[in-house]
Amino acid sequence: MAQDLKDTLQLPKTDFPMRANLVQREPSRLAHWEKLDLYAAIQRKNAVTGKTFVLHDGPPFTNGDVHIGTALNKTLKDITLRYKSLRGYRTPYVPGWDCHGLPIEQKVMRGLQAENKQVSTAEMRSLCDAFAESWIATQTKQFKRLGVQADWKNEYKTKAPAYEADIIRTFSAFVEKNLVYRSKKPVYWSIPFETALAEAEIEYKDHISTAIWVKFAVPVTEAAKFNLPSDKPLFVVIWTTTPWTIPANLAIALHPEVDYVVADLGAERILVAQALLPAVLEAAKHPDPSLVIGHSSLVIKGAKLEGLATQHPFINRASPVVLADYVTTDSGTGAVHTAPGHGAEDYLTGLRYKLDIYCPVGADGRYLDDGQVPADLVGITTLETVEDLAAKKPSPANLAVLKKLAGANALLAKAKYVHSYPHCWRSKTPIIFRAVDQWFVGLDRTSDTSPASPRDTALKSIAGVQWVPTWGESRIRGAVEARPDWCISRQRSWGVPIIAFYDADKNAFIDAEVIRAVADKIATKGTNFWYDAPTTEILAGVTLPAGWPAPVALTPGRDTLDVWIDSGSSHAAVLRNQQGATQWPADLYLEGSDQHRGWFQSSLWTSIIAFNGAPYKAVLTHGFIVGEDGKKISKSGQYEKPPTSDNFIAQYGADVIRFWIASQDFTQDITLSEKILNNASEGYRNLRNTLRYQLSTLCDFDPARDALSYEQLDTLDRWALHQTAKLLAEATAAYDAYEYHRVIQAVSSFCAVTLSAVYHDILKDRLYTLGTTNPLRRSSQTAIHHIFGVLVKILAPVLTFTADEAWAYATTKTEFTNDPIHLQDWPVADTAWTNSGIEADVAALLKVRAKVNEAIEPQRAAGKLGKSLDAVITLAIGSSDPLFNVLQKHRDFLPELFIVSHVTVQEGAGPNLEVTVRHGEELGYVRCPRCWRWVPSLEATSHGEVCPRCAEALKT
RNA sequence: CCACCCAUAGCUCAAAAGCAGAGCAGCCGGCUGAUAACCGGCAGACCUUGGCGCGAUACCAAGUGGGUGGACCA
């Protein structure tokens, strides 16, 4: 009989599974979308609105699986775009791949090395190409699995010939504006391989160097100029661990604020930092340092010595004193040997003082015969071979220089010095710093046609861009202001060549028109054309500028462009060409905050120079994923498996990962831990169950047939719609502000509190027990139908799979629909939904409800009461209290709201609300076996005895 | 060493110059008509110090801790 009655209830029913089983089921939804060509369908749908939102994709590097950090980036982009497309924007999104660069070249090279293979540059490039291509395929799969929706058919690759041609054309704009110049710059140099090395190709190892203290004589005339004593020979003493660079010494750097002292050693005087004098004397093994007194009258600030021209120990050349902040008194003499061709900071100092970037060492590591290097040094190598290292023998050059210094009586002291020193990862020999010719972009250059320098224009354009968060603006401004001239050449194979030619004397020839002509050829033939074809073919049909030698006399350069120009040209190669129906400038760039110095900046420079404006209207940045210990996830050892996107998806499913990402304030670093992801799973399940419950209550509801108008809706349902309107406004504002975590907070709270704990719970009675077509039941279903529509669309950008799944069940009662959620429009709340009168009343009543629950709890604990429906409540409150009237007004609604069997409102004596709880039984009530409410009496029906209300329901 | 950002409950996030609010987790219970679900109750937080304010977790300053970028080192 109980079962019989149960069958008369309208119990909720849905096929929408409670268990998401995302890991298994998401792929089939992806396949379904693919079949529908959903991306294209969305673009078609929004093509008529005239609104477009272009997010330009920053290309990930194609040398590995998609990292969870990359997943974060792509997911944020996807959420943004899906929201915008629901808002009616056409959202062409062309994904990109950054294919060139050292990491790939290195991986390929290490592979070849393991097999002991030698290949040509063109073969090398083909191997790199294949390597990149295979990762593009893998990453595409992984991004798709994550739910990233994009124009995959129109993807851009920086290694595609057409793209490479656009990189080269961008470069031609640099040349055209006369910004490109050639200059020497010190680079890491491997002597055995005769090649420049990148930072990543360096290994640091302990090295035994010969430290030397070298005396630079101060001529009498110079001493006089600077009020230094000249009755005895005076020397400035420098200290260095690389004796072989002494022939390239062009200056001595002092710190402007450090005190220097002239010390009398008896036969001669030396000038060193006062603080380091004892250490210098000790190194020089002075018999009795205590006798040496620095002339107290001769303590002098470094700044006062600027310009003092000392004499190089064995080359007839002055070595002037210059000033530099990096000079320390930690070690050495406080006077730093400066060879601008052999050190990064020496180089910068050299630039500041307009010194020659002098490098008398050839590519083979041997001293050149340049007319300055002493004849007995010419041809001697600076290379320290592996054998030398094993024998702890200094390089020939070091030995020769020591001999020269000793012979010139310039060697005050020498000592072994063990320190970490860069070595070539392939030859295992110490590298040298060696200045070689490089191509630069002069960022401060102006011309008649471009009176504003790139830097000025860049700074101006930064102000016109929206930076999210706002501190991004000062970050990039600082980076743009501080950036020195851009060194754009690299001595690599896997990259885009710099289109420059050289004659037999290594004179460079470069011209914008020629570059563009070559670019056109590369666009069809690929870059290997540059490496394989003879110059005559490369330049066939190209009109050479006046003054150029004939093609036969020219050799194509082997330098490649800095890879930042590759990705930095994407706006030109993609947006300007309207690839995938995009447009320039982009509405948004969205990348990690490290890109202020990377892609945001390189894109800005190329765009400023080539097109005179920023390539983006807004730039949004996010932080990085860190482990619980606050360390970057890649360095944080908390996960056994590599932190790849796929590994996390395999455990949680894409929607949970997306939910987690959306729930975080991504302007900060984002913490990832098992606990946090489990939290996210829990949050996800809550939302899923809420959607599921709504679907189940709508099982017999056909909106076209059953929906009521707002005017016909019940109070509680109107209240729920009011809350929904508030949620929608909040979520919309949060989406617009890119504050997705606030969307999640709002929706989670709405589902858990407003719906699950209050609205849905209260609704059960009327939805289950009333007759199918009862207006009150239809009222609630109408409201739920509206609420579901809002909720599922708010969630759609984040829970792409689940929202569509729920949408499919709502519209077709099956798992899939051919009209997916992502093709719908953003919901609109009817203005009538906002009803503050009802909101105020119900809010007051809900407070009473909380009091009632509080009062029920002790009874429950005492075992007197089970479910709240067993309770009969008496409320007593002073009639002067405004609440009294509210309670009276809604008297008939109270049992339902409190989910109790009966409520009596009395005029109370005290000022406070008094709640009395009794079991229905105590009042002599009987329990209706159908709706479980306690009522004064039951009626007989064909289904047995039930309460009058149920009897009524059973008639229909 | 410099610049910038951040600091609220175990976790993820709110708010507001005037009693700091949620979700998840926790603890105790209920229900068995959302059931690997659901409901109720409980408990739990403003980094430290100073300043201006009637009043500061919020504004200012210093410190501490964490992060990012740079400088330096190589």
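Computed from heavy atoms alone, side chains included, the values below leave out hydrogens, waters and symmetry copies. The sequence lines fix the lettering, A, B, ..., with proteins before strands; numbering per chain opens at 1.
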remark   = In whole angstroms, the gap separating P of B/rC31 from CG of A/D870 amounts to 8 Å
Would you list the protein and nucleotides 58-60 of chain B atom pairs, both N or O, that sit under 3.5 Å from each other?
none

task = Work out which heavy atom in A/I68 is nearest to a heavy atom in A/I625; give both atom names and the distance.
result = O-CD1, 3.5 Å
key: Watson-Crick or G-U counterpart of B/rG40, or none if no pair lies under 3.5 Å   = B/rC28
inquiry  = Using OP1 and OP2 only, check whether a side-chain N or O of A/H741 sits under 4.0 Å from B/rG23.
reply    = no
note = Assigned chi class of B/rG44 under the 90° convention is anti
ask   = For A/E473 and B/rC5, what is the distance between atoms CD and P respectively, to the nearest whole Å?
value = 13 Å
query = Across the strands shown, which category fits A/I676 at heavy-atom distances under 4.0 angstrom: base, sugar-phosphate, nothing?
reply = sugar-phosphate
ask   = Roughly how far apart, to the nearest Å, are B/rC59 and B/rG66 at atom C1'?
value = 23 Å
ask   = B/rC4 C1' sits how many Å from A/E481 CD, rounded?
value = 14 Å
ask   = Contact class for A/R930 vs. all strands (heavy atom < 4.0 Å): base, sugar-phosphate, or nothing?
value = base
inquiry  = Tell me whether the rings of A/Y693 and A/H760 are parallel (<30°), tilted (30 to 60°) or perpendicular (>60°).
reply    = tilted
key: Spacing between A/Q664 atom CD and B/rG23 atom C1', to the nearest angstrom   = 13 Å
note = Of A/V753 and A/T667, the one whose closest nucleotide on RNA chain B sits nearer the 5' end is A/T667
message = Tell me whether the ring of A/F750 lies stacked over the B/rA22 base, given a 5.5 Å limit on centroids and a 30° limit on the plane angle.
response = no
message = Is there a salt bridge (charged side-chain N to carboxylate O under 4.0 Å, His left out) between A/K764 and A/D761? Walk through the geometry before answering.
response = CA-CA 6 Å; A/K764 285 175 189 170; A/D761 205 26; 3.1 Å; yes
A/W599 and A/Y589 aromatic ring geometry - parallel, tilted or perpendicular at 30°/60° bounds = parallel
task = Over 60° means perpendicular and under 30° means parallel, so classify the ring planes of A/F16 and A/Y809, tilted if in between.
result = perpendicular
task = May I ask you to say what A/N686 touches in the nucleic acid, namely base, sugar-phosphate or nothing, with a heavy-atom cut-off under 4.0 Å?
result = sugar-phosphate
inquiry  = OP1 or OP2 of B/rU12 versus the side-chain N and O atoms of A/Q745: is any pair under 4.0 Å?
reply    = no
G-U wobble or Watson-Crick pairing nucleotide for B/rC47 (cut-off 3.5 Å, both distances) = B/rG63
inquiry  = Once you apply a heavy-atom cut-off of 4.0 Å, does A/D665 come out as touching a base, just sugar-phosphate, or nothing?
reply    = sugar-phosphate
request  = Under 4.0 Å between any heavy atoms, over every strand shown, what does A/G683 touch: base, sugar-phosphate, or nothing? Just pick one.
outcome  = nothing
message = Using the P atom as the point on both nucleotides, what is the distance between B/rC42 and B/rC47, in whole Å?
response = 26 Å
query = Just to confirm, is there a sub-4.0 Å distance from OP1 or OP2 of B/rU32 to any side-chain nitrogen or oxygen of A/K867?
reply = yes
remark   = A/H760 atom NE2 is separated from B/rA34 atom P, nearest whole Å, by 12 Å
task = Answer yes or no: side-chain N or O of A/R692 and base N or O of B/rA34 forming a donor-acceptor pair under 3.5 Å.
result = no
remark   = pair_partner(B/rG21), Watson-Crick or wobble, both distances < 3.5 Å, evaluates to B/rC13
query = Rounded to the nearest 0.5 Å, how far apart are OG of A/S901 and CZ of A/R918?
reply = 13.0 Å
ask   = Looking only at atom types and distance, does a side-chain atom of A/R927 sit under 3.5 Å from a main-chain N or O of A/D870, one as donor and one as acceptor?
value = no
message = Taking the minimum atom-to-atom distance to the side chain of A/W932, which one of B/rC24, B/rU32, B/rG10 wins?
response = B/rU32
query = Does B/rC52 have a Watson-Crick or wobble mate here (both distances under 3.5 Å), and if so which one?
reply = none
message = Distance check needed: B/rC24 P versus A/Y684 OH, whole Å only.
response = 16 Å
ask   = Of the nucleotides B/rC13, B/rG33, B/rU68, which has the atom closest to the A/R475 side chain?
value = B/rU68
query = Reckon A/S474 touches a base, only the sugar-phosphate, or nothing at all at heavy-atom distances under 4.0 Å?
reply = nothing
remark   = B/rU8 -> Watson-Crick or G-U wobble partner, both distances under 3.5 Å, gives none
key: C1'-based separation of B/rC24 from B/rA56 [nearest Å]   = 30 Å
remark   = Of the listed B/rC5, B/rA37, B/rA34, the closest approach to the A/Y693 side chain comes from B/rA34
message = Can you check the distance between B/rC28 and B/rA43, where both ends of the measurement are the P atom (answer in whole Å)?
response = 15 Å
inquiry  = Base, sugar-phosphate or nothing for A/W660? Non-hydrogen atoms, less than 4.0 Å.
reply    = nothing
message = For the P atoms, the ones on B/rA58 and on B/rC6, what distance do you get once it is rounded to whole angstrom?
response = 14 Å
task = May I ask which nucleotide in the shown strands pairs with B/rC1, Watson-Crick or G-U wobble, both distances under 3.5 Å?
result = B/rG70
key: d(CZ, A/F600; C1', B/rG69) in whole Å   = 14 Å
key: Within 45° cone and under 6.0 Å: A/R475 NZ/CZ vs A/W471 ring   = no
ask   = For A/S696, which contact category applies under a 4.0 Å heavy-atom criterion: base, sugar-phosphate, or nothing?
value = nothing
inquiry  = Please verify the inter-ring angle class for A/Y740 with A/Y735; under 30° counts as parallel, over 60° as perpendicular, anything in between as tilted.
reply    = tilted
ask   = Taking CG from A/N21 and P from B/rA36, how many angstroms apart are they, rounded to a whole number?
value = 14 Å
request  = Would you indicate which nucleotide in B/rC5, B/rU35, B/rA25 comes nearest to any side-chain atom of A/M18?
outcome  = B/rU35
Please output the side-chain donor-acceptor pairs of residues 843-854 of chain A that fall under 3.5 Å, not counting sequence neighbours, one pair per line with the distance.
| from | atom 1 | to | atom 2 | distance (Å) |
| --- | --- | --- | --- | --- |
| A/R849 | NE | A/L897 | O | 2.8 |
| A/R849 | NH2 | A/A757 | O | 3.4 |

remark   = RNA chain B nearest-nucleotide lookup for A/T769 and A/E682: closer to the 5′ end is A/E682
note = Out of B/rG23, B/rA36, B/rU68, minimum distance to the side chain of A/S593 belongs to B/rU68
Just the atom pairs and distances: protein N or O near nucleotides 39-41 of chain B's N or O, under 3.5 Å.
| from | atom 1 | to | atom 2 | distance (Å) |
| --- | --- | --- | --- | --- |
| B/rC39 | OP1 | A/S756 | O | 3.3 |
| B/rC39 | OP1 | A/S756 | OG | 2.4 |
| B/rC39 | OP1 | A/A757 | N | 3.4 |
| B/rG40 | O2' | A/E857 | OE1 | 2.9 |
| B/rG40 | N2 | A/E857 | OE2 | 2.9 |
| B/rG40 | N3 | A/E857 | OE2 | 3.4 |

key: Minimum-distance pair of heavy atoms, taken over all atoms of A/E839 and A/K726   = OE2-NZ, 3.5 Å
task = Search all heavy atoms of A/L763 against all heavy atoms of A/S780 and return the closest pair with its distance.
result = CD1-OG, 3.6 Å
key: Stepwise side chain to side chain donor-acceptor pair (under 3.5 Å) test for A/Q10 and A/R777   = CA-CA 10 Å; A/Q10 329 301 326; A/R777 185 164 181 275; 4.8 Å; no
